[in-house]
Novice: 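Handing you this structure, nothing more for now.
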Amino acid sequence: MSGGALPGRPITWQLCAGCERELSASSPASQCPDCGGLLEVRHRPPLPHERGRALTALFAGRRGPDPLDASGVWRYRELVLPDARREEVVTYPEGNTPLLSREAVSRFAGVEGLLLKHEGMNPTGSFKDRGMTVGMTQARRIKARAVACASTGNTSASLAAYASSAGLPALVFVPAGQVALGKLAQTLAYGARTLLVRGDFDACFALVREAAEKLNVYLLNSVNPFRIEGQKTIVLEMLEQLAFEPPDWIALPAGNLGNTSAFGKALREASELGLIARMPRLACIQAAGANPFARGFREGFARPHRVKADTIATAIKIGDPASWDRAAAAVRLTNGVVTDVTDGEILEAKAVVDAAGVGCEPASAASVAGVRKLAAEGVIRPGARVVAVLTGHILKDPGLLLRYHQEADPPPPRANRPIEIEATLAAVEEVLGRGPQ
Ligand code: F0G
C-alpha cells in the first residue's frame, strides 16, 4: 500500500523485502532472483475514496448475490488482489468465520473478554483456504502448469481442494507418518499427487523448493506472497466483526510464520488506510518442542534460531521457519510477544475448547494455552480484549483425540472415557447412577 506511486505503475507488483528489487505480479519466482529474499505483494496506493470510512462502507455493503462478495476473502479484494478478473478467481467461497465467546474458555484462560476467531470453519477446515484462494487464482493468472507445496497437512488439504477446483495438477510433500489422519485423508480424497517424504517438514520444504524451481511448478507455500494477501483477511474480517474497534491482543499459533507475517501486513495496512486508530499487539504462540521463534524473541531477534522440532501439535512441528524476518517485523511493529507452551498445556486447552462445544485441532489450542500463560504472567491484563485464533477444525486430528479420551493410565485432565455396556436398560441405569465423571 505504501511503496511509491509512479505514473504507469501496474496495480499490483512484487517487491523483495531484502534488496527492494521489484518483480512483475506475474513472476512465478518463489524468492528474489538477486538476493534470495522473500517477496511481498504491493498494490498501488489507494485513492482518497478507498480509505477509512469509505472503505469500511464499501465492505459492509457487499452482502448481495455477487459470488465474490460471498467470500470472506474477496469481499476485501481492493486490499487482496485489486486487478483479479472475475473469471480468474478460484473461490469456494471461504472465510466468513465466526467470532465466538464461550464463558468456560474465558474462565480457563483468565481473560474475561476472550473471543475465538474460528478459522477451522473454512471449507477444508483450516485458515489455509484464505491464502489458497488467492494463491490458486494467481497460479491461474500466470498459467502455471502445476502447483506444489510442502505441508504438515493443512496446506496440502487446502491446495489439493483448490487445485481440483482450478483444474490444475497438484503435488504435495508431507513428512511420512507425521500428518494427522483427517488432513492426509482430505489430501488424498481431493486428488493431489501425495508424496510421503522420509523426513520432517523442514526436509519436505527444502525438497519442494528445489523441485518447484527445477521442474517449473508453481510453489504455493506461505513464502508465496499471494497466499499472504489472502491470509490478511483473517484480521480484516475480525476487525469488521468488531466494528473496527481493534482488540488489545490477537493471539495465534506460530509455525512456519506465514500467518504471523500476514497478520503484521494486515495491521500495518489497516493502520495506514485509516481503518483502525490503534495497533493491537500480536501474541505468537509456539509449542515448547518447536520454539525457534520464541527463542529468538527472548534475544531480541538478534539471530535466527533453528531446532529439531518435536510436539504433538503436528501442524506447527517446524524447526526452521521460512518467514522469520517478516514475522519478526510483525512482532516489532505491533509491540508483540512470542512465547511457548508445553504439549500438556496445549492438550488441556484443547480439552477445554472442545468441551465448550467449539472444538479445534491441537495446534489451534496453542493460542488459548498461550493467552492463559500470558495472563498468568501478567502480560495480558484480565480485563483486556483478546482474540485468540483457532486455526483448524476439531476433526483434523481424530487419532490424537481418541487416544486422549481413552487413555486410562492415568487419564489426562478432562478426559471423557467412553463406556462400553451390555445392551440392557439395567446397564444404562447403572451408568446414570454413577453421576458425573
Ligand atoms: N495452525 C495450524 C492448524 C496450521 O496448520 C499451521 C501451519 C499453523 C497454525 C501455523 O501457521 O505456519 O503460518 O505459522 N500449517 C502449515 C501446513 C505449516 O503445512 O499446513 P504458520
Side-chain angles (χ1 to χ4, degrees), residues 38 97 117-122 124-132 135 148-161 172-175 178-180 182-184 186-187 192 194 197 200-202 204-205 208 219-224 227-228 230-232 234 251-266 282-287 290-294 309 311-324 326-328 330-331 338 341 346 350 353 359-370 388-397 400:
L38 293 178
T97 60
K117 175 77 174 151
H118 205 328
E119 286 296 306
M121 297 299 145
N122 270 292
T124 77
S126 84
F127 72 96
K128 303 290 182 179
D129 297 335
R130 290 192 187 254
M132 206 51 77
C149 72
S151 180
T152 54
N154 280 326
T155 301
S156 60
S158 184
L159 176 123
V172 311
F173 297 64
V174 295
Q178 295 179 49
V179 177
K183 304 177 189 182
L184 185 59
Q186 283 180 293
T187 306
T194 305
V197 179
D200 58 12
F201 169 82
D202 301 299
C204 292
F205 186 59
V208 77
L219 184 65
L220 277 176
N221 274 96
S222 59
V223 290
N224 181 309
R227 285 250 334 256
I228 300 296
Q231 286 174 209
K232 288 186 324 195
I234 303 172
L252 76 164
N256 213 21
L257 303 180
N259 220 20
T260 303
S261 310
F263 280 32
K265 191 166 191 279
L282 287 181
C284 308
I285 319 297
Q286 296 211 288
N291 66 351
F293 199 49
T311 167
I312 50 92
T314 51
I316 50 174
K317 189 174 169 191
I318 295 171
D320 187 13
S323 295
W324 181 285
R326 53 191 183 192
V331 172
V338 187
V341 287
I346 290 174
K350 174 173 157 52
V353 172
C360 68
E361 71 161 280
S364 309
S367 57
V368 172
V389 180
L390 301 179
T391 44
H393 195 276
I394 185 173
L395 289 176
K396 287 284 189 175
D397 198 346
L400 177 131

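Because only heavy atoms are used, hydrogens play no part in the values below, and waters and symmetry mates are left out as well, while side chains stay in. Remember, it's 1-based here, ligands and their atoms both numbered in the order they're listed.
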Novice: How far is atom 8 (C) of ligand 1 from its nearest protein heavy atom, and which residue and atom is that?
Specialist: I316 CG2, 3.6 Å
Novice: Could you check whether the rings of H118 and H393 sit parallel, tilted or perpendicular, using 30° and 60° as the cut-offs?
Specialist: tilted
Novice: Atom OG of S158 and atom CG of N122: how far apart are they, to the nearest 0.5 Å?
Specialist: 8.0 Å
Novice: Suppose we measure from atom 5 (O) of ligand 1 to each protein heavy atom; which comes out shortest, and what is that distance?
Specialist: N154 ND2, 2.8 Å
Novice: Flag F201 as yes when one of its N or O atoms lies below 3.5 Å from any N or O atom of ligand 1, and as no otherwise.
Specialist: no
Novice: Got an N/O contact under 3.5 Å between T391 and ligand 1?
Specialist: yes
Novice: Could you tell me the separation between the CZ atom of R130 and the CD1 atom of I228, rounded to the nearest 0.5 Å?
Specialist: 13.5 Å
Novice: When you measure from atom 14 (O) of ligand 1 to each heavy atom in G131, S367, G255, which option holds the nearest one?
Specialist: G255
Novice: Is there a polar contact, in the sense of an N or O pair closer than 3.5 Å, between T155 and ligand 1?
Specialist: yes
Novice: Any N or O of S151 that comes nearer than 3.5 Å to an N or O of ligand 1?
Specialist: yes
Novice: Quick one: does any side-chain atom of S126 pair with a main-chain N or O of G392 as donor and acceptor, under 3.5 Å?
Specialist: no
Novice: Do any nitrogen or oxygen atoms of K183 lie less than 3.5 angstrom from nitrogen or oxygen atoms of ligand 1?
Specialist: no
Novice: Report the distance from atom CZ of F201 to atom NZ of K317, rounding to the nearest 0.5 Å.
Specialist: 12.5 Å
Novice: Answer with side chain, backbone, both or neither: which part of A254 has a heavy atom less than 4.0 angstrom from an atom of ligand 1?
Specialist: backbone
Novice: Look at atom 15 (N) of ligand 1 and say which protein heavy atom is nearest, naming residue and atom and giving the distance to 0.1 Å.
Specialist: K128 NZ, 3.0 Å
Novice: To check you understand the geometry: which heavy-atom pair defines the closest contact between N256 and A322, and what is its length?
Specialist: OD1-N, 2.9 Å
Novice: Determine, using heavy atoms of V174 and all atoms of ligand 1, whether some pair is separated by less than 4.0 Å.
Specialist: no
Novice: So K117 and T97, side-chain hydrogen bond (donor to acceptor under 3.5 Å, both in side chains) or not? Walk me through it.
Specialist: CA-CA 7 Å; K117 175 77 174 151; T97 60; 2.8 Å; yes
Novice: Start with the C-alpha distance between Q186 and K396, add both sets of side-chain angles, then the distance that settles side-chain hydrogen bond (donor to acceptor under 3.5 Å, both in side chains), and finish with yes or no.
Specialist: CA-CA 9 Å; Q186 283 180 293; K396 287 284 189 175; 2.7 Å; yes
Novice: With a cut-off of 4.0 Å, which atoms of ligand 1 are near a heavy atom of T152?
Specialist: 15 (N), 16 (C), 17 (C), 18 (C), 19 (O), 20 (O)
Novice: Between ligand 1 and T260, can you find any atom pair, the residue atom being a heavy atom, that is separated by under 4.0 Å?
Specialist: no
Novice: To check your reading of the model: name the closest protein heavy atom to atom 11 (O) of ligand 1, its residue, and the distance in Å.
Specialist: F127 CZ, 3.6 Å
Novice: Is there a nitrogen or oxygen of S364 sitting under 3.5 Å from a nitrogen or oxygen of ligand 1?
Specialist: no
Novice: Under the criterion side-chain hydrogen bond (donor to acceptor under 3.5 Å, both in side chains), I'd like the reasoning laid out for S364 against T391: C-alpha separation, chi angles, the key distance, then a yes or no.
Specialist: CA-CA 5 Å; S364 309; T391 44; 2.9 Å; yes
Novice: State the NZ-CG distance between K350 and L390, to the nearest 0.5 angstrom.
Specialist: 10.5 Å
Novice: May I ask you to check if ligand 1 and I318 share an N or O to N or O distance below 3.5 Å?
Specialist: no
Novice: Among all the protein's non-hydrogen atoms, which is closest to atom 12 (O) of ligand 1, and how far away is it?
Specialist: N256 N, 2.7 Å
Novice: Would you give the length of the straight line joining atom SG of C149 to atom CE of M132, rounded to the nearest 0.5 angstrom?
Specialist: 5.5 Å
Novice: Suppose we measure from atom 4 (C) of ligand 1 to each protein heavy atom; which comes out shortest, and what is that distance?
Specialist: A315 CB, 3.5 Å
Novice: Can you list the ligand 1 atoms lying under 4.0 Å from a non-hydrogen atom of G258?
Specialist: 13 (O), 14 (O), 21 (P)
Novice: So, is N259 polar-close to ligand 1, with some N/O to N/O distance under 3.5 Å?
Specialist: yes
Novice: Report the distance from atom CG of N154 to atom CG of D397, rounding to the nearest 0.5 Å.
Specialist: 10.0 Å
